[in-house]
**Q** 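The structure's right below; bear with me while I get my questions together.
Naming: A, B, ... by sequence-line order, numbering from 1 per chain.
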Amino acid sequence: MFQTEQETIESKIKSLCAEKGIPLADLEWKPIPFSGEWGISTSFFASAALEARAGKKIVVPKRAQEIAEQVKDSLGAAVGISHVEALKGYLNLYFDTADYARRVVDTVLEQKDCFGSGPATGQRVMVEFSQPNTHKAFHVGHLRSAILGDALARIIEFAGYAVVRANYPGDIGLHVIKWLWAYLKYHKGEEPETDITQWMGKVYADATRRLEEEPDLEAEVRAVYARWDKRDPEIVTLWEKTRQWSLDGFNQMYSALGIRFDKYYFPSGEEEAGKGIVEELVKRGIATDERSQGGAVLVKIDEVLGLTKEQYRTAVILRSDGTALYATEDLALVLHKFRDYPDLSRSVYVVDVRQSLHFTQIFKIMEIAGYEQAGQCVHVAYELVTLPGNVVMSSREGTVVLLEDLLREAISRAKEEAHKKNPSLDGEQLEIVAHAVGLGALKYPIVARENTKLVTFDWKAALDFNGQAAPYIQYAHVRCNSIIKKSKVESQKSELQPATFDYNLHPAEIQLIDLISRFPSEVQRAAAEYKPLIIASNAYDIAKAFAGFYDACPVVQAEAQIRAARLRLVAATKYTLANALALLGITAPDVM
RNA sequence: GCCCCUGUAGCUCAACGGACAGAGCACCUGCCUUCUAAGCAGUAGGUUGUGGGUUCGAAUCCCGCCAGGGGCGCCA
């Protein structure tokens, strides 16, 4: 946020070192740790190391400190800097607090719900996420892609990109055929109940159970697959109807979760194009057609690339009977997305880590085939949500926690808690709070965790509203709102007064302002690294700093000048918290 | 056999190659006639799995090993 003064000082240091013949390495600027004071810091270890490598006999840390001192002595007065310190090889520049504090707070209050957003890059990014299978239950295991992908889409958009939110529900494949077979044979004419995805899951579980009991029935399933492949009207019609049931069910889930999509792709829609690509790959000698020997069509990627060590291995891209695999469809999908959005600069796939090799293969094959778009495809892998004891949720095994159940439970628990904590909440207000808190508690553990780390789901943790969790951050937001409300009542004014921070700021205030000022750069980092965790941490840190401020610094009771300044700081905190939570797909209530 | 991920306080997790590795939970001690205690302050808790290497500096980068999880030609 203070790029210009950083650059001014940096160029000053550069010319200074040039004068003295000190070979200066690149300077990196960071906040000064061990706060209480506020500023930026850089070190001279790299420069000292350069000298050492050039043959000078020096002790690096000592020399770094010498350089820091020299720079400090000849730097003179710099605009906006109150004092300079050379310590342990570091050069610490402490901000002129009043000036910087005012700038940070003014900036937030000016930009409001845009504070933290990056300038428009003019680039478009597609984020594909969720990809639930139709004809199956929607359970907690599916939650991560939905929540993570949603947060990433929000963050990337806020960072300055035009975002296309894409979904790719698995609407065809063996699981669907199995479902259709069981429906025709055992459930014909039945219709879904209120919890659609749950009912779909029941039929699917029934199919698997019957097939396990009587493996001979597989032949019937294969027959249904053949009918599908020949576009048998009865099968196609049934498939269309039942598929829609699933999609309706998903929409219920998405709207409950506050997630939306701009664009839907379906494997079924990519089958034909995919087969075309396979044919092309065979013709061009990239793929090997082993069907005449009873094999499948495959690409021996390592062989094609002339690699001796196995790396990309072999990918099967068409079944021996000529039917399409997900790989077939994924080949086509790569191109389909760029056909729909020719200006796409990146195509992001938020899919679980078990499919890493699959995507590496798909993108590599397309690259070999000369489709440059493959270079713009990124697989963002995440780990699964498992049950205690490392049990993977599986619709087949019936080891699932249904999303319907979890949502209901989380919201009802939140309602209970909210009523207990604040009995004055009633009716619609209580409902709003319960939703915000229940959903927040559900989403936070997912977005606040490293993508590559496993999340173990257990009811106790999911419904724990204390400590490092969404409700803590939401509560800070509520307290901000509370202070503002109170001040309005007392002063009978609705507008914030201009104010300066021309007083002795409390360390808690400095800490808070410091963290707020970092939010915009954290947004950029989170977008670049595909890590909502960065936002979740920043939001929590701000909430924590605010809690400290709340305790140590009276606002409404403070004398006029300080009161005006703190009121602005509180308003700025409120915006920052709300913006950060919004990026995580979590709403910030005004009361709770 | 090959590849990927993970290993940090009792537990769950943080920490752009930088200064004293930080939170939460649990435990213990305080704090509500003052802006909502879903809160605050304090105590305690660590050879960052292990052995080397690179570096002025390593939880972070490289190599070996150990442990757990995942992937590897017709599932998605």
**Q** Does A/S320 get its side chain close enough to the base of B/C74, under 3.5 Å, for a donor-acceptor pair?
**A** yes
**Q** Between C1' on B/A15 and CD on A/E522, what's the gap in Å once rounded to a whole number?
**A** 12 Å
**Q** Does this structure show an ion pair linking A/E271 with A/K275, if we count only N-O contacts that are shorter than 4.0 Å?
**A** no
**Q** Between A/K544 and B/G24, is there a contact of a side-chain N or O with OP1 or OP2 at under 4.0 Å?
**A** yes
**Q** Are A/E218 and A/K178 ion-paired here, with the side-chain N under 4.0 Å from a carboxylate O?
**A**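 Judged by the 4.0 Å cut-off on N to carboxylate O distance, A/E218 and A/K178 do not form a salt bridge.
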**Q** Apply the syn/anti split at 90° from 0 to B/G49 and say which one it is.
**A** anti
**Q** What is the distance from CG of A/L384 to C1' of B/G71, rounded to the nearest Å?
**A**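 These atoms are roughly 12 Å apart.
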**Q** Roughly how far, to the nearest 0.5 Å, is the CZ atom of A/F465 from the CD atom of A/Q474?
**A** 9.5 Å
**Q** Roughly how many Å is it from CD in A/Q355 to C1' in B/G73, rounded to a whole number?
**A**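 Between C1' of B/G73 and CD of A/Q355: 16 Å.
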**Q** Between B/C13, B/A76, B/G39, spot the one nearest the side chain of A/A547, thanks.
**A** B/G39
**Q** Send over the distance from A/I534 CD1 to B/A23 P, rounded to a whole Å.
**A** 20 Å
**Q** Could you tell me the separation between the CZ atom of A/R313 and the P atom of B/G1, rounded to a whole number of Å?
**A** 13 Å
**Q** Is A/H435 atom NE2 crowded by more than 12 heavy atoms from other residues, nucleotides or ligands, each under 6.0 Å away?
**A** no
**Q** With a 4.0 Å cut-off on heavy atoms, is A/N92 in touch with a base, just the backbone sugar-phosphate, or nothing at all?
**A** base
**Q** Indicate, with a heavy-atom threshold strictly under 4.0 Å, whether A/K485 touches base, sugar-phosphate, or nothing.
**A** nothing
**Q** Please report, rounded to the nearest Å, how far the C1' atom of B/A15 is from the NZ atom of A/K453.
**A** 10 Å
**Q** From CZ of A/F359 over to C1' of B/C72, roughly how many Å is that when rounded to an integer?
**A**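 Distance, rounded to whole Å: 16 Å.
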**Q** Could you point out which residue of A/E69, A/R63, A/K62 forms a side chain to side chain donor-acceptor pair (under 3.5 Å) with A/Q65?
**A**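 Per the side chain to side chain donor-acceptor pair (under 3.5 Å) rule, the option paired with A/Q65 is A/E69, out of A/E69, A/R63, A/K62.
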**Q** Between A/T134 and A/D171, do the side chains contain a donor N or O and an acceptor N or O under 3.5 Å apart?
**A** no
**Q** If I pick the C1' atom on B/G7 and the same atom on B/C65, what distance separates them, to the nearest angstrom?
**A**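 14 Å, rounded to whole Å.
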**Q** Students often mix this up, so state it plainly: with edges at 30° and 60°, are the rings of A/Y349 and A/F359 parallel, tilted or perpendicular?
**A**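 Answer is tilted, since the angle falls between 30° and 60°.
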**Q** Nearest heavy atom decides the nucleotide; on that basis, is A/S43 or A/L318 closer to the 5' end of RNA chain B?
**A**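 Whichever sits nearer the 5' end wins; that is A/S43.
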**Q** Can you find a heavy atom in the side chain of A/L325 that is under 4.5 Å from one in the side chain of A/L318?
**A**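 Result no, sub-4.5 Å side-chain heavy-atom pair not found.
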**Q** Tell me: CD1 of A/I317 to C1' of B/C74, nearest whole Å?
**A** 11 Å
**Q** Could you work out which one of B/G70, B/C2, B/C56 sits closest to the side chain of A/R354?
**A** B/G70
**Q** Applying a 4.0 Å non-hydrogen cut-off, can you work out what A/L298 is touching in the nucleic acid: base, sugar-phosphate, or nothing?
**A**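 Contact class for A/L298: base.
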**Q** Given A/Y472 and A/N466, is the side-chain contact (heavy atoms from CB on, under 4.5 Å) satisfied, shown in steps?
**A** CA-CA 7 Å; A/Y472 179 89; A/N466 290 313; over 6 Å; no
**Q** Where does RNA chain B form stems of at least three consecutive Watson-Crick or G-U wobble pairs, each pair having both distances below 3.5 Å?
**A**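 Looking at RNA chain B, the stems formed by three or more consecutive pairs are B:1-7 with B:66-72, B:10-13 with B:22-25, B:28-31 with B:39-42, B:49-53 with B:61-65.
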**Q** With rounding to whole Å, what would you report as the distance between B/G10 and B/G49 at their P atoms?
**A** 13 Å
**Q** How close do A/V555 and A/L567 get, counting heavy atoms only, and between which atoms?
**A**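 Reported closest heavy-atom pair: CG1-CD1, 3.5 Å.
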**Q** Counting heavy atoms from C-beta on, name the nucleotide in B/A15, B/A19, B/A76 closest to the side chain of A/K88.
**A**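 Selected nucleotide: B/A19.
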**Q** How far does the C1' atom of B/A37 sit from the matching atom of B/G30, given to the nearest Å?
**A**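 One C1' to the other, the span is 14 Å.
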**Q** Between A/D464 and A/L91, which has a closest nucleotide on RNA chain B that is more 5'?
**A**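 Nearest-nucleotide comparison on RNA chain B picks A/L91.
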**Q** Nearest to the side chain of A/R449 - B/U6, B/C13, B/A15?
**A**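 Of the candidates, B/C13 comes closest.
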**Q** Between A/R319 and B/A76, does any side-chain N or O lie under 4.0 Å from OP1 or OP2?
**A** yes
**Q** Donor-acceptor pair under 3.5 Å: do we get one between A/S537's side chain and the base of B/A23?
**A** no
**Q** Any donor-acceptor pair under 3.5 Å linking the side chain of A/R319 with the backbone of A/A324?
**A**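 Side chain of A/R319 to backbone of A/A324, a donor-acceptor pair under 3.5 Å: yes, one is there.
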**Q** I need the residues from residues 44-51 of chain A with at least one non-hydrogen atom less than 4.0 Å from RNA chain B; give them sorted by number, or say none.
**A**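 Of all residues in residues 44-51 of chain A, the ones placing a heavy atom under 4.0 Å from RNA chain B are A/F45, A/A49.
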**Q** Anything under 30° is parallel, anything over 60° is perpendicular, the rest tilted; go ahead and classify A/H139 against A/H142.
**A** tilted
**Q** Within the pair A/S356 and B/C4, is there a side-chain N or O less than 4.0 Å away from OP1 or OP2?
**A**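 Checking B/C4 against A/S356, no side-chain N or O comes under 4.0 Å of OP1 or OP2.
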**Q** What is the per-nucleotide protein-contact pattern of nucleotides 32-38 of chain B, from the 5' end, where B denotes a base atom under 4.0 Å from a protein heavy atom, S denotes such proximity for sugar-phosphate atoms only, and - denotes neither?
**A** --SBBSB
**Q** When you measure from the centre of the six-membered ring of A/Y382, is the NZ or CZ of A/R144 closer than 6.0 Å and no more than 45° off the axis?
**A**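 The answer is no; the distance or angle limit is not met.
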**Q** Should we count NE2 of A/H379 as having more than 12 external heavy atoms under 6.0 Å?
**A**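 Count over threshold, so yes.
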**Q** Mind telling me whether B/C4 is syn or anti, cutoff 90° either side of 0?
**A** anti
